[in-house]
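The structure appears below as structure tokens.
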Amino acid sequence: MFYRKIKEFFLKKIVKKGLLNYKLENSDEKVRTVGVLIDVSEVSLKESFLDKLSKSDVDFESIQILVFKDKIKKNEVVEVPFFTLKSFGITGKVSKGEVQEFINTPFDLLVNFYEESKPALDFVAKKSKAKFKVGFSSVDERINHLMISSTMKNEEEFISEMIKYLRILNKI
């Protein structure tokens, strides 16, 4: 418990320091590949979000997902790529290959589907090589290019608003 708090403190400090001079780069490319970063502690139905995203009238080439879980139960089996706070060292070094691969993948669009700012989620979102980032307005505005004022319970509204603004910005 104590080590967890220390790790969260240092990750938060790393993210805060990294955001001081952080500038989001603009890209005029069309969206073909999508990365989705989801906090499962807030969303129990991550499959429904992916279904709604894939059933939208936009045809994405690939959609990759990375799930954050606060705690993994002893005998729990997680079928999608996931990470926890244990996936990071105290200095911010990523110890899990799936997380490092997700960060290094140059997605055309990164959907940060979490409302509450958590150091591990903010760290992955900030470090991601994605060209365009979308998330909730309740998260630090320096992380996302496009912020949507909605709640996680309104998945359909979030997806429809995101697609609407991506069309306006000529991304899809």
Side-chain angles (χ1 to χ4, degrees), residues 3-4 7-8 10-19 22-54 56 58-73 76-136 139-140 142-146 152 155 158-159 162 166 171-172:
Y3 184 68
R4 178 182 175 87
K7 194 182 280 191
E8 282 180 351
F10 281 114
L11 267 179
K12 190 183 288 186
K13 189 174 179 179
I14 290 168
V15 170
K16 200 176 210 181
K17 185 177 180 183
L19 286 174
Y22 182 63
K23 300 286 185 214
L24 290 169
E25 296 179 21
N26 292 328
S27 171
D28 294 331
E29 295 180 27
K30 299 281 186 183
V31 174
R32 291 184 304 277
T33 57
V34 178
V36 181
L37 185 60
I38 297 180
D39 183 4
V40 175
S41 62
E42 293 181 17
V43 176
S44 59
L45 301 173
K46 61 189 172 299
E47 290 84 16
S48 71
F49 176 79
L50 290 176
D51 287 341
K52 290 173 186 168
L53 184 62
S54 62
S56 66
V58 180
D59 188 26
F60 299 115
E61 287 179 9
S62 69
I63 299 174
Q64 287 185 1
I65 182 172
L66 184 64
V67 173
F68 174 75
K69 291 186 72 90
D70 281 327
K71 294 180 182 177
I72 302 288
K73 296 176 183 155
E76 183 178 6
V77 177
V78 183
E79 296 177 10
V80 295
F82 74 96
F83 70 104
T84 62
L85 198 56
K86 291 181 181 180
S87 302
F88 301 97
I90 200 157
T91 60
K93 184 176 184 219
V94 179
S95 62
K96 193 165 184 179
E98 294 169 331
V99 179
Q100 191 62 46
E101 183 180 326
F102 189 85
I103 289 172
N104 291 332
T105 304
F107 297 112
D108 296 325
L109 174 67
L110 176 66
V111 179
N112 295 316
F113 198 69
Y114 61 94
E115 277 182 317
E116 184 182 328
S117 205
K118 294 182 181 177
L121 288 163
D122 289 344
F123 182 83
V124 173
K126 188 236 174 254
K127 290 284 187 180
S128 173
K129 305 264 188 285
K131 296 173 182 124
F132 195 78
K133 301 174 184 177
V134 177
F136 287 97
V139 179
D140 193 335
R142 297 173 290 182
I143 293 176
N144 298 313
H145 291 90
L146 175 64
M152 291 185 75
E155 296 170 352
F158 179 84
I159 292 171
M162 178 181 70
L166 288 175
K171 295 281 186 189
I172 51 176

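- Nearest heavy-atom pair, Ala120 versus Phe68, reported as atom, atom and distance to 0.1 Å: CB-CE1, 3.6 Å.
- Listed for the Thr105 side chain is a donor-acceptor partner under 3.5 Å among the backbone atoms of Glu101.
- Of the possible donor and acceptor atoms, one in the side chain of Asp140 sits under 3.5 Å from a partner among the backbone N and O of Arg142.
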* To do: Kindly determine whether Val31 and Phe107 satisfy side-chain contact (heavy atoms from CB on, under 4.5 Å), including the steps that lead there.
  => CA-CA 8 Å; Val31 174; Phe107 297 112; over 6 Å; no

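- Ser62 meets the side-chain contact (heavy atoms from CB on, under 4.5 Å) test with Thr33; sequence neighbours excluded.
- No donor-acceptor pair closer than 3.5 Å links the side chain of Asn112 to the backbone N or O of Leu37.
- For the pair Val124/Val99, a side-chain contact is recorded, criterion being any heavy-atom separation below 4.5 Å from C-beta on.
- Annotation: side chain of Lys129 is not in contact with side chain of Leu110 (no heavy-atom distance under 4.5 Å).
- Scored by the side-chain contact (heavy atoms from CB on, under 4.5 Å) test, Leu166 finds Leu109, Phe132, Met162, Lys171, Ile172 as partners (sequence neighbours excluded).
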* To do: Would you sort out whether Asn144 and Val134 count as a side-chain contact (heavy atoms from CB on, under 4.5 Å), showing the intermediate values?
  => CA-CA 5 Å; Asn144 298 313; Val134 177; 5.9 Å; no

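- Ring centroids of Phe83 and Phe102 are separated by 6.0 Å or more, keeping the two rings apart.
- Between Phe158 and Met152, every side-chain heavy-atom pair lies at or beyond the 4.5 Å cut-off.
- Partners of Lys30 by side-chain hydrogen bond (donor to acceptor under 3.5 Å, both in side chains), not counting sequence neighbours, listed by chain and number: Asn170.
- The shortest side-chain heavy-atom distance between Leu85 and Glu8 falls under the 4.5 Å cut-off.
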Side-chain atoms of residues 87-97: list all donor-acceptor pairs with protein atoms under 3.5 Å, sequence neighbours left out, distances to 0.1 Å.
residue: Ser87; atom: OG; partner: Thr84; partner atom: N; Å: 3.3
residue: Ser87; atom: OG; partner: Thr84; partner atom: O; Å: 3.3
residue: Ser95; atom: OG; partner: Ser87; partner atom: O; Å: 2.9
residue: Lys96; atom: NZ; partner: Phe82; partner atom: O; Å: 2.8

* Asked: Could you walk me through whether Glu115 and Val139 pass the side-chain contact (heavy atoms from CB on, under 4.5 Å) check?
  -> CA-CA 6 Å; Glu115 277 182 317; Val139 179; 5.9 Å; no

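- Scored by the side-chain hydrogen bond (donor to acceptor under 3.5 Å, both in side chains) test, Asp122 finds Tyr114, Ser117 as partners (sequence neighbours excluded).
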* Step by step, would you call Glu155 with Phe113 a side-chain contact (heavy atoms from CB on, under 4.5 Å)? -> CA-CA 9 Å; Glu155 296 170 352; Phe113 198 69; 3.8 Å; yes

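- Ile63 has its side chain out of reach of Ile65: every pair of non-hydrogen atoms, C-beta onward, lies at least 4.5 Å apart.
- Shown here for Lys133 and Lys126, the closest heavy-atom pair between the two residues is NZ-O, 3.5 Å.
- In plain terms, the two heavy atoms of Pro119 and Val15 that are nearest each other are O-CG2, 4.0 Å.
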